[in-house]
Amino acid sequence: MSELYKKNGHKDGGCRALIVDGSSGISGDMTVAALLDLGASEERLLTALGTLPVHGFKVRVSRVAKSGLDACDFDVQLDDEHENHDHDMAWLFGEDGEEAHEEHGHCHEHEHGHCHEHEHEHCHEHGHHHAHRSLADIHAVIKASGLTQRAKDIALSVFDELARAEAKAHGATPDTVLLHEVGAVDSIVDICAVAVCLDDLGIHDVIVPSLSEGHGTIRCAHGMMPIPVPAVANLCAAAGIRLVPAPVHGELVTPTGAAIVAALRTSEALPASYRILATGYGAGKRAYRNTAGVLRVTLAQVDGASEANGERAAASEQALLGTGRGHAPERTPDAHVEPAVPFAAMGDDDPDAPHTVVKLESDLDDCTGEALGRAIELLMAAGAREAHAVPVVMKKGRPGYQLEIVCDESNEAQLRDIIFATTTTIGIRSARMRRYPLRRRPGEVVTAYGPVAVKRVVTPGGIVRSYPEYASVVEASERTGATFQEVFRAAEAAGLLDEPGKAARGDSDRSQHPHGLPGRPTKHLPEASSDADDGVAGEEA
């Protein structure tokens, strides 16, 4: 598991989730402000933003009063060259619009008293106006920054969503479309700031039931557009985001805000019950009637069965990019009683049932080891049956890797998107293959270190093999203080005792050695825990 899970460990049979209240809409700066108010480190955020290879902006974080609420304000202030009038109500809606321009007014007595300059001589030049960037331009900016790899991945996933939505609106492709407002300096800063804050807080579950949206028209780079603007409409359609009409003449959901939800939301359903751990309020810059103008985010401890929460955790950091498919074996009262699942396994684990898998591969000579490792982690979390990299020598004599993924046909498209989003590849090959698995079933053995999950397979000749599950071995090792090798060997030995035809010997050994480890003194071994967490099923080809 990544640092994300270490920060966001599960306690009391629950897990932590971020609940986003979109009743006042959502924008990039509102999201950053709300996450800062929730507890994200302002110092780490400003340090990270200082590494972005763009210039012409400074950042101010302050407290403001919005609709009577004390809220955090995150303000990206642009110089004259980069100003885009995003907060100029008269320009956005016309001089005669219903809403009048209103300064959102910082409460100076609560300001931090400093502005952070982020000007860089090493600006990433692209040969065109900075507000008109391609997706490749933005990828280059983010990859050249000093953000953590996870923060980079989050930011890139948001921009990938934006590029797909803009491409659809303009009849282009994500690689060729030019991003206007969302390619401007302030949008890059907002999205990267969201990514840094989420990474800092250790958020892995993001719940957004719906977003409120106004009506009317708004001025953008292409003239006056109906609300929601095309990019927002495309993002909401593609991600299934619910929009709730609000009695507001104006835009409540910006393209950046919609893209954040589209890329990061893991659920739209509120939990049946939860405990509020912290609440953050982020102020919006635009002044509208009939809306609070703040984004509220809640860090919640979600109640529920530990098994359900375990499945949520296994699916999580793909909180950005997908859903895992691993399941922990069920605990039985007697750890040596097999689950009621025959070896004539179900579905695609039956060798007699034809099953087609897809192999995806791509050759890489310019992808860092860190990025490649991250890509493999996300591919496995998103449901790949196997993902690995093989060292190769490329056609120009350069060392590189061939990334190979085996997956089901049903999630081929999703895994292709992850490869494109997280590596430097410009093309992917695919081939259909026939899969011949051994019959298998999950099981569990009892050891001196507690129950350990195993996977049992049977060969065509009827020989049963037992393989300890890696995650379960690690869990038992961390819980008891034993080494990985000690737990693994104990699980192997217990698995041999449970093989068909060896029950009598196993019973005899267990009567002499209650911990199930013949020939080893038991006085030095920890007692087995009766409430150990279930293991997580390992990888399979």
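Starting from 1, each residue takes its place in the sequence as its number.
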Closest contact, heavy atoms only, Cys407 versus Leu415: CB-CD1, 3.3 Å
If you look at every heavy atom in Ile19 and Pro271, which pair is closest and at what distance? CD1-CD, 4.3 Å
Exactly one candidate in Thr424, Thr423, Thr425 meets side chain to side chain donor-acceptor pair (under 3.5 Å) with Ser362; the answer is Thr425
With the side chain counted from C-beta on, respond yes when Arg16 and Val302 share a heavy-atom pair under 4.5 Å apart, and no when they do not. no
Side-chain donor or acceptor of Thr480 paired with backbone N/O of Ala476 under 3.5 Å: yes
So, taking the atom named NZ in Lys143 and the one named CG in Asp153, what distance separates them when rounded to the nearest 0.5 Å? 9.5 Å
Short question: side chain of Ser472, backbone of Ala453 - any donor-acceptor pair under 3.5 Å? yes
Taking atom CZ of Phe159 and atom OG1 of Thr256, what is their separation to the nearest 0.5 Å? 7.0 Å
Hey, does the side chain of Gln77 reach the backbone of Lys58 with a donor-acceptor pair shorter than 3.5 angstrom? no
Could you tell me whether Arg374 and Glu370 have a side-chain N and a carboxylate O separated by less than 4.0 Å? no
What closest approach, in Å, do Val59 and Leu46 show between heavy atoms, and which atom pair accounts for it? CG1-CD2, 3.8 Å
So does Val196 get a backbone contact from the side chain of Arg44, meaning a donor-acceptor N/O pair under 3.5 Å? no
Assess whether a salt bridge exists between Asp73 and Arg63, defined as any Lys/Arg side-chain N lying under 4.0 Å from an Asp/Glu carboxylate O. no
Keeping Asp200 on the side-chain end and Cys197 on the backbone end, is there a donor-acceptor pair under 3.5 Å? no
Between OG1 on residue Thr148 and NZ on residue Lys152, distance to nearest 0.5 Å: 8.5 Å
Closest contact, heavy atoms only, Leu379 versus Ala387: CB-CB, 4.3 Å
Looking at Glu268 and Val208, would you say the former's side chain and the latter's main chain have a donor-acceptor pair under 3.5 Å? no
Would you say Thr217's side chain and Pro226's backbone share a donor-acceptor pair under 3.5 angstrom? no
Checking His215 side chain against Ile227 main chain: does a donor-acceptor pair fall under 3.5 Å? no
For Lys66 and Gly284, indicate whether the former's side chain and the latter's backbone hold a donor-acceptor pair under 3.5 Å. yes
How far apart are the closest heavy atoms of Ala389 and Ile376, and which atoms are they? N-CD1, 4.1 Å
Assess whether side-chain contact (heavy atoms from CB on, under 4.5 Å) is satisfied between Asp21 and Thr298, documenting all intermediate values. CA-CA 8 Å; Asp21 180 348; Thr298 301; over 6 Å; no
So CD of Gln149 and CG of Leu156: to nearest 0.5 Å the spacing works out to 8.0 Å
Ser134 side, atom OG; His139 side, atom NE2 - distance, nearest 0.5 Å: 9.5 Å
Check step by step if side-chain contact (heavy atoms from CB on, under 4.5 Å) holds for Ser210 and Leu243. CA-CA 6 Å; Ser210 63; Leu243 291 181; over 6 Å; no
Can Ile276 and Thr279 be said to form a side-chain contact (heavy atoms from CB on, under 4.5 Å), step by step? CA-CA 7 Å; Ile276 295 177; Thr279 302; 3.6 Å; yes
Does the Lys168 side chain pair with the main chain of Thr173, one donor and one acceptor, at a distance under 3.5 Å? no
Taking C-beta and beyond as the side chain, do Ile419 and Leu403 meet within less than 4.5 Å on heavy atoms? yes
To the nearest 0.5 Å, what is the distance between CD1 (Ile260) and OG1 (Thr31)? 4.0 Å
